[in-house]
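Here the structure is laid out as structure tokens; the discussion comes afterwards.
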Protein chains: 2
Amino acid sequence: MKSNKRILLVEDDPNFGRILKDYLTINNYEVSLAVNGIEGFEKFNRSDFDLCILDIMMPFKDGLTLAKEIREVNELIPLIFLTAKNLKDDVLKGYKIGADDYLTKPFDSEILLAKIKSILNRKSNVYNNEQDTFEFEFGDFNFNSKLRILTHKDDESYKLSPKENQLLKMLVLNFDDLLPRDIALNKIWRDSNYFTSRSMDVYIAKLRKYLDKDLTLKIINVHGEGFRLAKE
Amino acid sequence: MKSNKRILLVEDDPNFGRILKDYLTINNYEVSLAVNGIEGFEKFNRSDFDLCILDIMMPFKDGLTLAKEIREVNELIPLIFLTAKNLKDDVLKGYKIGADDYLTKPFDSEILLAKIKSILNRKSNVYNNEQDTFEFEFGDFNFNSKLRILTHKDDESYKLSPKENQLLKMLVLNFDDLLPRDIALNKIWRDSNYFTSRSMDVYIAKLRKYLDKDLTLKIINVHGEGFRLAKE
DNA sequence: AAAATTTCTTAATGAAATGTTAATATCTAT
DNA sequence: ATAGATATTAACATTTCATTAAGAAATTTT
């Protein structure tokens, strides 16, 4: 029974890493072990994984920093953190980055296994994102979300900031349909509260300014729900 | 900032339950507290929740049994278990049923909050969006309840407020049939009393004004019972 | 038919969400 | 360390929304 699922394990303690890797391998996962954050990031980029298990406390580059880098490249891959003790702060930071779970060392290996299964079986994971498209046409604009450039038909072209870019991309992907506030906040700001919400409003204002170049395009607010990019 | 997410909390210890409920309420969740598995299941069936937090150790019906019943009815709702100690067996059973997470008592409330957030916005990636219909045609109108827009044939279009929207949706879903006052009140206003009833009347008046555009449509009162949206 | 109850409608009020610009704060690359 | 870019927070204006009040009208009960 080949499970086929690939796990990236980043753990600086070689003994513990070895044991954990073997244990997971026995349980039909294909495991790649990296001994620090730098190697971890390289491995991550070199191949496709289904899940990452990251030790937080590591020399050179800690697990949280590594996680941030991974998240920039891949928003969806599940992350599990290992914390040496119950370092609440690390745990909270981890969740903010988009952790799926954390485990406190020492932990029970069967429980880890159960978590992994649970995460990988989640129906939500089946959902594979629209990540590939990065070039869009709408109204009089051409929008390249990879280069973060919004170009107007005539000539003018704007460099978008990362947040402007992400927000515009989500609006465009939901063209003429509602982009719920919560969804955008949780995806872009990774949190949904009064302040992130106000921040989002500021970005909506900025985008509206760009889009003013095409008078038929509008970002319409649906009070209490979200926004909708629409034509005419 | 309305989070509006609804949590079912099932916990037999009344003190702890109360405290936890208050804590979550302060953090903008709407919490319904049940003190045992039986009551928990009833509450679950009586209304819609976004997440359940279940104590495992409970009299009458334990959390795992309750979870199984809930899973039979709803296979997607996120479940978080609370275990008194690190009862490995319970944890493993929990995952088997399809838990999203578990917490060992005593736990840090901030961490619970982080978990809840993480779980809820993970699910919302899948687009929690009710797959139910949100577009309707009746009389001379097109009604999009997702965007809260009511459009008349010859062009005029109205933005509906959330309450107008919900009420109209219920009327349309019961087209030509009685929509009992109590049902609408309990679903939309979450309460049925003199004042909510007055408020509902105000909304009926507002809807009538919109529907005036099509003279064949009427919202008919059934004295003491409710309302009926009908054509002719 | 008078009294009591329920419904109808408009308007006033206050709370909450959004729009927008400007002032800080934070980050990033030299 | 500093400048420039980016992000957040503050501040104030505006809009949207739900509730309540109040008086009239309709319906039911007595």
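Bear in mind that the values here come from a model prediction, so they are computed numbers and not experimental data.
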In whole Å, I'd like the distance from the [atom1] atom of [X] to the [atom2] atom of [N].
X	N	atom1	atom2	answer
B:Asp212	C:dT9	CG	C1'	12 Å
A:Leu211	C:dT20	CG	C1'	16 Å
B:Asp201	D:dG23	CG	P	18 Å
B:Ile204	D:dT19	CD1	C1'	16 Å
B:Tyr210	C:dC8	OH	C1'	17 Å
B:Phe227	D:dT27	CZ	P	13 Å
B:Arg190	D:dA18	CZ	P	14 Å
A:Arg208	C:dT21	CZ	C1'	14 Å

Checklist entry - For the rings on B:Phe136 and B:Phe143, is their centre-to-centre separation under 6.0 Å? => result yes

Checklist entry - Hey, what's the ring geometry for A:Tyr210 with A:Tyr158, parallel, tilted or perpendicular (30° and 60° as the breaks)? => result tilted

Next on the checklist: For A:Phe107, does the six-membered ring have the charged nitrogen or CZ of A:Lys105 within the cation-pi criterion, i.e. under 6.0 angstrom from the centroid and within 45° of the normal?
Outcome noted: no

Next on the checklist: What I want to check is whether the side chains of B:Asp154 and B:His152 have a donor and an acceptor closer together than 3.5 Å.
Outcome noted: yes

Next on the checklist: Between B:Ser32 and B:Arg6, is there a side-chain donor-acceptor contact under 3.5 Å, judged purely by atom types and distance?
Outcome noted: no

Next on the checklist: Under 4.0 Å, counting only non-hydrogen atoms across every strand here, what does B:Asn221 touch: a base, just sugar-phosphate, or nothing?
Outcome noted: sugar-phosphate

Next on the checklist: Tell me whether B:Glu156 is salt-bridged to B:Lys213, with the criterion being a basic N under 4.0 Å from an acidic carboxylate O.
Outcome noted: yes

Item to check | Where protein sits on nucleotides 3-14 of chain D, one letter per nucleotide: B base, S sugar-phosphate only, - none, heavy atoms under 4.0 Å | outcome: ---SBBBSB---

Checklist entry - Below 4.0 angstrom from OP1 or OP2 of C:dT18, is there any side-chain N or O of A:Arg181? => result yes

